[in-house]
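Notes follow once the structure below has been shown.
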Amino acid sequence: MKVLITGAGGQLGRDLIRVLAARHELHALTRGQLDVGDDTAVEAVVNRISPDVIIHAAAYTNVDGAESEAEAVYRVNSVGTWHMAAAASRSGAKLVYVSTDYVFDGAKGAPYTERDKPNPISVYGTSKLHGEKFVSMLCERHFIVRTSWLYGRSGSNFVTKIIEKARGASPLQMAGDVFGSPTYSYDLAELIGHLIETEHYGTYHGSNAGVCTRYQFASEIIDFLGIPDVRMEQVTAENFPLPAARPQHSALADTVIHGIGVTPLRPWKEALHHFLQADLPAIEEDAGDRQ
């Protein structure tokens, strides 16, 4: 199949290329190559490529920055997704829209299923929910895939930041009352790769299985790598005042994927250990080459 990927320079985009390149004809476009907020540009690209599948991974993801840059975030996450959904519908392509756990408010206090009602509490979460609604409204052949706490080989993320801080001299303070489902971007890319080969359209939760706190997530990273003499303190989220509100418990339960014959994502600890063994050396080697 011909697969068009938006946001190909991002963390998930690069893993989508790793996963799909051997199986499909890829047209992977970075933010610089395709501005999804430009309707004319989107239409021209989709008409030229005539893809069988569009994986819309492009997004404005600076959660705190979104609070003061609402126009910019809505242009990409809301209006840009409208453009991609409309173009997919006109061309007859399947559409994958990558969404987020931040469409929920966290008040449930337990993992969210695909049937739970979204209620975002930030500009970022609201913009992504707009995207979900536009995809559902405009493109019949769609997959909405919500994910959470994403990390991978490309770019800065929670895992790489924890490793950097743990190897420094400063003590670490981690929230013990914020719950989520860490997700390895390579595993998410594998899931998307399987979904596009089906006709089982709808909304899916795509996170590695299980739930942990930020403190537990950081502890697992440090313990697995055996980083010595790390001073870490468990605190509450109130210790980290931020511009954007975050859901306190945004873990995702992948209830739908089990019914369509597609393998769900593995447990988060197993995925994290694989990442730290297989992908982390590549990151650190790249960092060394840049110095």
Side-chain angles (χ1 to χ4, degrees), residues 1-61 72-100 127-147 150 152 154 185-204 206 256-257 260-262:
M1 292 189 293
K2 283 194 288 185
V3 180
L4 168 62
I5 301 172
T6 70
Q11 190 164 245
L12 176 59
R14 295 190 181 194
D15 272 338
L16 285 165
I17 294 170
R18 290 171 66 190
V19 168
L20 301 178
R23 309 205 301 259
H24 302 288
E25 176 188 323
L26 297 189
H27 299 265
L29 303 181
T30 66
R31 178 176 58 186
Q33 293 170 313
L34 176 61
D35 173 9
V36 297
D38 183 338
D39 189 24
T40 301
V42 168
E43 186 172 6
V45 163
V46 173
N47 287 343
R48 173 173 58 83
I49 295 172
S50 189
D52 301 297
V53 178
I54 298 172
I55 303 176
H56 181 37
Y60 182 112
T61 59
V73 71
Y74 286 130
R75 182 179 184 275
V76 175
N77 294 353
S78 305
V79 177
T81 302
W82 175 292
H83 294 161
M84 297 309 306
S89 181
R90 287 193 297 266
S91 68
K94 297 178 181 180
L95 175 65
V96 178
Y97 172 60
V98 182
S99 192
T100 173
S127 72
K128 294 297 287 183
L129 181 58
H130 288 168
E132 289 190 13
K133 292 181 177 180
F134 295 155
V135 166
S136 298
M137 180 174 64
L138 296 172
C139 185
E140 184 176 353
R141 303 173 73 207
H142 72 262
F143 306 91
I144 295 169
V145 182
R146 297 181 183 133
T147 193
L150 200 64
S154 303
S185 59
Y186 188 91
D187 285 6
L188 178 59
E190 287 273 18
L191 173 65
I192 291 171
H194 291 308
L195 281 176
I196 64 175
E197 295 173 356
T198 77
E199 305 292 328
H200 296 293
Y201 305 113
T203 299
Y204 295 87
V256 175
I257 201 73
I260 66 168
V262 173

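As the structure is a prediction and not an experimental result, all values here were calculated from the model. Below, each value reflects all heavy atoms present in this structure, side chains not excepted, and no hydrogens, waters or symmetry copies.
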query = What is the distance from atom OG1 of T203 to atom CD1 of I144, rounded to the nearest 0.5 Å?
reply = 4.0 Å
task = Give the ring-plane orientation class for F143 versus Y204, where under 30° counts as parallel, over 60° as perpendicular and anything between as tilted.
result = tilted
query = Is any side-chain N of the basic residue among D52 and R141 closer than 4.0 Å to the acidic one's carboxylate O?
reply = no
inquiry  = Which heavy atom of T198 sits nearest to which heavy atom of K94, and what is that distance?
reply    = O-NZ, 2.8 Å
task = Go through V45 and Q33 one step at a time and tell me if the side-chain contact (heavy atoms from CB on, under 4.5 Å) criterion holds.
result = CA-CA 10 Å; V45 163; Q33 293 170 313; over 6 Å; no
inquiry  = If I take atom OG from residue S91 and atom CD1 from residue I54, how far apart are they, to the nearest 0.5 angstrom?
reply    = 5.0 Å
query = Can you tell me if H56 and T81 form a side-chain donor-acceptor pair at under 3.5 Å?
reply = yes
task = Evaluate the side-chain proximity of P51 to V3: yes if any heavy-atom separation is below 4.5 Å, no if none is.
result = no
inquiry  = Using a 3.5 Å distance criterion without hydrogens, assess whether the side chain of E197 forms a donor-acceptor pair with backbone atoms of H194.
reply    = no
ask   = Taking the side chain from S154 and the backbone from G10, do they hold a donor-acceptor pair closer than 3.5 Å?
value = no
query = When you look at CZ of R31, are more than 12 heavy atoms from neighbouring residues, nucleotides or ligands closer to it than 6.0 Å?
reply = no
note = So CG of D35 and OG1 of T6: to nearest 0.5 Å the spacing works out to 11.0 Å
note = For N77 and S127, the nearest pair of non-hydrogen atoms, with its separation, is ND2-OG, 3.0 Å
query = Which is it for L191 and I257 under the side-chain contact (heavy atoms from CB on, under 4.5 Å) test, yes or no, and what are the steps along the way?
reply = CA-CA 9 Å; L191 173 65; I257 201 73; 3.5 Å; yes
ask   = Can R75 and Y60 be said to form a side-chain contact (heavy atoms from CB on, under 4.5 Å), step by step?
value = CA-CA 9 Å; R75 182 179 184 275; Y60 182 112; over 6 Å; no
ask   = What closest approach, in Å, do A85 and L95 show between heavy atoms, and which atom pair accounts for it?
value = CA-CD2, 3.7 Å
remark   = Tightest non-hydrogen contact, residues A59 and K128, listed as CB-NZ, 3.8 Å
query = Any side-chain heavy-atom pair from L138 and H142 closer than 4.5 angstrom?
reply = no
Side-chain donor/acceptor of H83 to backbone N/O of V36, under 3.5 Å = yes
key: Taking every non-hydrogen atom, the tightest pair across E132 and Y97   = N-CE2, 3.3 Å
ask   = Does the side chain of D15 reach to within under 4.5 Å of the side chain of D187, using non-hydrogen atoms?
value = no
query = Going by atom types only, do E25 and H27 share a side-chain donor-acceptor pair under 3.5 Å?
reply = yes
inquiry  = Return the CG to CD1 distance between L29 and I49, rounded to the nearest 0.5 Å.
reply    = 5.0 Å
task = Report yes if the side chains of V53 and L4 come closer than 4.5 Å at any heavy-atom pair, otherwise no.
result = no
message = Here's a test for you: under side-chain contact (heavy atoms from CB on, under 4.5 Å), which of V98, L188, T100 qualifies with L150?
response = L188
task = State, with a plain yes or no, whether a side-chain heavy atom of M137 is found less than 4.5 Å away from one of W82.
result = yes
task = Calculate, to the nearest 0.5 Å, the distance between atoms NE2 and OG belonging to H130 and S99 respectively.
result = 11.5 Å
message = Is it the case that the side chain of S50 and the backbone of N47 share a donor-acceptor pair, with hydrogens and angles ignored and the cut-off at 3.5 Å?
response = no
request  = Take I55 and L20 through the test side-chain contact (heavy atoms from CB on, under 4.5 Å) and record every step on the way to the result.
outcome  = CA-CA 11 Å; I55 303 176; L20 301 178; 3.7 Å; yes
query = For L12 and A57, which heavy atoms make the closest approach, and how far apart are they?
reply = CD2-CB, 4.3 Å
